[in-house]
Every structure is written in structure tokens, then in C-alpha cells.
Amino acid sequence: MKLLYDYSGDFDPSFDHGRLSKEGLVGLLHTYSDYIRRLDGHWYLSVMNRCGNDAAFACDTEVWERLVLYELKIASELLNIRGDDAVAVAKVFQVSPWFWMYKCDLDLKSRDHLIITYRDCPTLLALEREGAGRERQICVDLEMKIFMKMAHFYNPKMKVTALKLPPRKSADDVCCRWEFKIEENK
Amino acid sequence: MKEPLFDYGGDFDSSFDQSQLSKEGLVGLLAAYSNYIRKLDGHWYLSAMDKCGNDVAYDCDIDVWNKLMKFELKVASDMMNICGDGVASVAKYFQVSPWFWTFKPRLKLKGEDRLEVTFDKCPTLLALEKEGLGREAQICQIMEPELFETIAHHFNPKMKVAALTLPPRKNIDDVCCQWEFKIESER
């Protein structure tokens, strides 16, 4: 871990995070993102160990159907990301704490058409290492539900299609690829 | 939520990254993600409780936080250079922790070896009081002392933690809880 702020001196009762440099704050934001991923992962595994994967997956789905709404609220209200097109979705991906943990390419083909490609995904890597095939649920079923919620938050007519999904044949393959599209009314 | 921290209402910027936010914006976003962490934990607990019962959810909570606390302490030590074996390190940890950000505890250093931490506000306790099942007896009286001991012992294995005030509260204006971190001088 990289040193972001040297707080090795005396205790300062008036300390707040504004003391950090911009670079330090961005570094801390990334650490918080990792924190969120770890917290979620530990909860999943802990419930799975005690009650089985079906219960853990049901919890995970329930949790993220709620949390994604909070994430969208942050995007809309704190960062003024609004609109009813694929541009808004592209922006939400950029500001999401999850996005920072993954290597993603956003290809905005037009205002109504976005393709997102995940090149690196620590969750998929962990699932592949585990070898229990859980990526079929997490990456296919859950991810689709979350992405649909995101799309429909901005435009109920936006469609989400998985273009490429795990399981992967090779570790060099992309992790997954999705399309967000608003079809023109015919 | 009030004023936007950053106005990303215009065109899509393929080169966007968080460093485009002002310092104030970044601090605001950190605060929002601190809240995100608390919400995520709370939703997982309630969902596990709903599906597997409170005993399982509570065991999971302990399991999760025993692991997460180590990560959080590592962040404090490695990224903010909070080291040292005095109670001041614990006070600093409370200031920088994303988890405790939303709680804003009052920190009172009483000499070099004694710290008093007072939680005037606690969204977790408020939710537990509203729920009315008495789960604060577990969360605040059993789990929290264990976690605080982990924090104390990370910096100094001889540091003691004592609860000075604990829920249940008699009155909504009472403090939520109050703790003492102390290093007894060797005789």
C-alpha cells in the first residue's frame, strides 16, 4: 500500500480528510472501493459457508438490487449524472466505486448505444480459482439484473444484452462484454 | 443529498477520472462511500437474518469484521502512517476509518495513556432501536467490545478497552455509547 498522508506526528483533534492532497484523496477513494468489494465478498463467503450457496446468492441478489439504487442516487445527486440515454450509463460506470477495481473499456457508439468490456475482474479471477462454477450465477444472472436496473433507472426502454460471458476458455480472453442499447421506435 | 460535488451533466468524457473533482468534491465522495460501506454491511446482515436467522447473521458479521478490521488497520498504518503504541494511534485510527466516518465519535485524549471515545450519533443503534428486537444487546455489548479490543491490540497488546456507557438507552438524547482505551502503567 502506498503512503497517502503522513499522520505519524501528534494527534490532531481537528483532523479531517481535507488535509490529504488530491492525489491522496483519489488513492483513498480507490481503497474504499476495494473495501466495498472485500466487504461484499466476505459476507457472501461467510453466508455460503454456513447456509449454502443458494442462500448466499439470494442474499447477494437482494442486497445489490437495493445498493445499486444508492449508487445511482450518488451518481445523480452528487455528480449530476442524469438523462435518458446510454451516455448516462457510461458516466455511471466511470464514477462507480466498483468500476475502479476492474479494467473496463467503454465504447460509446452513439448516444443510444454503449458497449462495455471488462478486461480484468478480480471477482471472476477469484471464482475461477475457486472452481465451483459460481461465475454462471454471479456473472450471468446477478450481473444482468443489476445492469437492467441501471439501464431502466435512466430509460425503461433501454435493453441490456450480454455479448460475451464467462466461463472463459483462456485467461487472456476478456472477462465479459455488455451492450446497452435504446432501439429506435419503429 | 444537496449540492452536486461535481457537475458531470455535460458530454461523456472518455478520459474522466476522479482527479477532475475538487478536493472538497473528493472528500464529499469519500463520505458518500463511507455511507455506502455501512449500508452494504447492514443490508447483508438483514438479508442473512431474514433467510438464515439472527444467530447465523450474527456469526457471519463477526467473521466478516474480524477479517475486514485487519484490512482497515492495515490501511491506517500503511497509507496514513499511523503507527506507535499509544492511545493516540487509536484516536487517529477513529478519525481516518471509513467505517467510523459516519459516526463522528468525540475523541478525548486524557493524557498519554487514556482515550475516551463517545458516540453521540449512531445510525446502526437508531435502526436497532427502531426495529425493537433488542439486537443492540449483541451488536453493541458483545461484538463492539471485541472489535475495539482488536483495534487496541493492533497498536499495543497491553491496551485495555472498557465500555463506560452502553445501550439500551433510557432516553433518545443520551449518548449512544462511550468507551475508554487505556494503558495501565506497569508497577
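Keep in mind that this is a model prediction, so the values were computed, not measured.
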Hey, which of A:D34, A:V87, A:L39, A:V95 has the most heavy atom pairs under 4.5 Å with chain B? A:L39
Give a yes or no on this: more than 12 heavy atoms of other residues, nucleotides or ligands lie within 6.0 Å of atom CD of A:E23. no
Side chain from CB out, backbone as N, CA, C, O: work out which of these in A:A56 comes under 4.5 Å of a heavy atom of chain B, or both, or neither. backbone
Between A:G18, A:A55, A:S76, the one whose heavy-atom pairs under 4.5 Å with chain B are most numerous: A:G18
Aromatic rings B:F16 and B:F6: how do their planes relate, parallel, tilted or perpendicular, breaks at 30° and 60°? tilted
Ranked by heavy-atom pairs below 4.5 Å to chain A, first place among B:L26, B:L40, B:D17 goes to B:L40
May I ask you to check whether over 12 heavy atoms, not counting those of A:R111, lie within 6.0 Å of atom CZ? no
Atom group of B:S14 that falls short of 4.5 Å from chain A, counting heavy atoms: backbone
Flag the pair A:D141 and A:K145 as a salt bridge only when some basic side-chain nitrogen lies within less than 4.0 angstrom of an acidic carboxylate oxygen. no
Under 4.5 Å from any heavy atom of chain A - which part of B:K108: neither
With only heavy atoms counted, which part of A:N49 is less than 4.5 Å from chain B, the side chain, the backbone, both or neither? neither
Among B:L5, B:D78, B:L30, residue most engaged with chain A (heavy-atom pairs, under 4.5 Å): B:L30
Does a side-chain N-to-carboxylate-O contact under 4.0 Å join A:D173 and A:K169? no
What option among B:D61, B:D13, B:L109 has the most heavy-atom pairs under 4.5 Å with chain A? B:D61
Using non-hydrogen atoms and a 4.5 Å limit, figure out which bit of B:K92 sits close to chain A: side chain, backbone, both or neither. both
Against chain A, work out which of B:L21, B:D50, B:L46 has the most heavy-atom pairs shorter than 4.5 Å and name it. B:L21
Heavy-atom contact with chain B under 4.5 Å, split by part of A:P13: backbone
Verdict with supporting geometry, A:F11 and B:Y93, ring-ring contact (aromatic ring centres under 6.0 Å, His included): CA-CA 10 Å; A:F11 169 69; B:Y93 158 78; over 10 Å; no
Under a 4.0 Å threshold between the charged nitrogen and the carboxylate oxygen, would B:E184 count as salt-bridged to B:R114? no
State whether A:K181 and A:D112 are salt-bridged, where the test is any N-O pair (Lys NZ or Arg NE/NH1/NH2 against Asp/Glu carboxylate O) under 4.0 Å. no
Relative to chain A, which segment of B:C60 carries a heavy atom at a distance below 4.5 Å: side chain, backbone, both, or neither? both
So, the part of B:S89 with a heavy atom under 4.5 Å from chain A: the answer is neither
Quick one: does A:F153's side chain get under 4.5 Å of A:V92's, heavy atoms only? no
Side chain from CB out, backbone as N, CA, C, O: work out which of these in A:R38 comes under 4.5 Å of a heavy atom of chain B, or both, or neither. both
Heavy-atom pair count under 4.5 Å with chain A, highest-scoring of B:M79, B:M80, B:E72: B:M79
Please step through salt bridge (Lys or Arg N to Asp or Glu O under 4.0 Å) for the pair B:K51 and A:E62, ending with a clear verdict. CA-CA 11 Å; B:K51 287 173 176 62; A:E62 197 172 277; 2.6 Å; yes
Checking salt bridge (charged side-chain N to carboxylate O under 4.0 Å, His left out) against A:E128, which of A:R168, A:R136, A:R134 comes through? A:R168
Top of B:N35, B:D11, B:I37 for chain A proximity - count of heavy-atom pairs under 4.5 angstrom: B:I37
Residue, of A:L45, A:D16, A:L20, that accumulates the most heavy atom pairs under 4.5 Å with chain B: A:L20
